[in-house]
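Notes for the one structure printed next.
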Amino acid sequence: QVQLVESGGGLVQPGGSLRLSCAASGSMFSIYLMGWYRQAPGKQRELVARITSGGVANYADFVKGRFTISRDNAKNTLYLEMNNLKPEDTAIYYCIRSRIISSYFDPASDYWGQGTQVTVSS
């Protein structure tokens, strides 16, 4: 049974920073694709960043240069460092793990966390 538990969300002013964490249960964390999605009110869920088992990171254009995804395989933990936050970054942020060894997510079948709220407001 795989469980993903996010933490680190909260209220921050524009220009501020937050660091999200995702603690994963289950074995062989290091071999799976991991990532972060977000969903803002009234909008579809969108991919923010992903990181392969080899540590290669990819980012959505709207966070490039501001967000950094990383993973600590020894701790079974995924991170998202968010800097220069903007009001449009307000959303629930979800951690995702691929169900199989893959280079892409299958949102309908992959494992999801429960989400953590990030609110950027003055």
Side-chain angles (χ1 to χ4, degrees):
Q1 184 72 8
V2 174
Q3 289 188 322
L4 304 173
V5 180
E6 301 98 333
S7 60
L11 173 64
V12 63
Q13 292 187 343
S17 299
L18 282 175
R19 188 193 197 201
L20 305 183
S21 299
C22 171
S25 67
S27 61
M28 303 173 72
F29 170 86
S30 63
I31 69 172
Y32 293 103
L33 181 68
M34 299 291 300
W36 292 94
Y37 274 74
R38 71 184 187 186
Q39 187 167 21
K43 295 187 177 181
Q44 289 191 334
R45 198 171 292 192
E46 57 186 0
L47 179 63
V48 175
R50 65 180 187 179
I51 185 166
T52 69
S53 59
V56 177
N58 298 105
Y59 299 92
D61 286 343
F62 51 80
V63 302
K64 278 182 181 177
R66 300 189 298 123
F67 291 12
T68 302
I69 188 171
S70 61
R71 62 194 298 165
D72 186 335
N73 292 331
K75 296 182 178 179
N76 280 18
T77 303
L78 178 73
Y79 301 99
L80 186 67
E81 185 76 35
M82 305 186 295
N83 298 313
N84 190 22
L85 283 160
K86 304 175 181 181
E88 52 263 42
D89 294 318
T90 295
I92 299 174
Y93 284 71
Y94 298 90
C95 174
I96 182 173
R97 199 212 85 173
S98 61
R99 183 175 291 272
I100 61 173
I101 298 173
S102 174
S103 298
Y104 300 95
F105 292 118
D106 180 1
S109 64
D110 288 342
Y111 297 105
W112 292 88
Q114 82 289 349
T116 185
Q117 176 70 47
V118 172
T119 302
V120 185
S121 175
S122 55

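Note on Leu18 and Phe67: same hydrophobic cluster, where clusters join Ile, Leu, Val, Met, Phe, Trp and Tyr whose side-chain heavy atoms are under 4.5 Å apart, directly or indirectly. Following chains of ILVMFWY side-chain contacts shorter than 4.5 Å, one can reach Val2 starting from Leu78, so the two form part of one hydrophobic cluster. The cluster map of Ile, Leu, Val, Met, Phe, Trp and Tyr, joined by side-chain heavy atoms under 4.5 Å apart, puts Ile96 and Trp36 in different clusters. Connection of Leu85 to Phe62 is established within a shared hydrophobic cluster, with ILVMFWY side chains joined at heavy-atom distances below 4.5 Å, either directly or through further cluster members. Residues Val48 and Met82 share a single hydrophobic cluster, defined by chaining ILVMFWY side chains whose heavy atoms lie under 4.5 Å apart.
Between the side chain of Asp110 and the backbone N or O of Arg99 there is at least one donor-acceptor pair closer than 3.5 Å. Under the 3.5 Å distance criterion, the side-chain polar atoms of Arg71 are matched with a main-chain donor or acceptor of Ile51. Between the Ser98 side chain and the Leu33 main chain, a donor and an acceptor come within less than 3.5 Å of each other. Of the possible polar contacts, one joining the Glu6 side chain to the Gly115 backbone as a donor-acceptor pair under 3.5 Å is found. In this structure, Trp112 contributes its side chain and Leu4 its backbone to no donor-acceptor pair below 3.5 Å.
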Open item on the list: Using side-chain contact (heavy atoms from CB on, under 4.5 Å), reason through Lys75 and Phe29 one step at a time and then give a plain yes or no.
Closed with: CA-CA 9 Å; Lys75 296 182 178 179; Phe29 170 86; over 6 Å; no
Task: Verdict with reasoning, Lys86 to Asp89, per salt bridge (charged side-chain N to carboxylate O under 4.0 Å, His left out) - done: CA-CA 5 Å; Lys86 304 175 181 181; Asp89 294 318; over 6 Å; no
Open item on the list: Does Ser121 form a side-chain contact (heavy atoms from CB on, under 4.5 Å) with Leu11? I'd like the steps, not just the answer.
Closed with: CA-CA 7 Å; Ser121 175; Leu11 173 64; 4.2 Å; yes
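The shortest non-hydrogen separation linking Pro14 to Ser122 is CD-N, 3.7 Å. Of all heavy-atom pairs between Phe105 and Gly35, the closest is CZ-N, 3.5 Å. When all heavy atoms of Ala49 and Tyr59 are compared, the closest pair comes out as CB-CD2, 3.6 Å. When all heavy atoms of Ser25 and Gln1 are compared, the pair lying nearest together is OG-O, 3.5 Å. The nearest pair of heavy atoms linking Cys95 to Met34 is SG-CE, 3.8 Å. The minimum heavy-atom distance linking Ile69 with Ala57 is given by the pair CG2-CB, 3.6 Å.
Counting heavy-atom neighbours within 6.0 Å of Gln44 CD, excluding the residue itself, gives a total of 12 or less.
When the options Val118, Val63, Thr90, Ile92 are evaluated for a side chain to side chain contact (heavy atoms under 4.5 Å, CB included) with Arg38, the one that passes is Val63.
Note: Asn76 CG to Ser30 OG = 8.0 Å, rounded to the nearest 0.5 Å. Atom CD1 of Ile100 is separated from atom CG of Asp106 by 7.5 Å, given to the nearest 0.5 angstrom. Once rounded to the nearest 0.5 Å, the distance linking CD of Gln117 with CD of Gln39 reads 11.0 Å.
Judged by the 6.0 Å and 45° rule, Arg97 forms no cation-pi pair with Tyr111.
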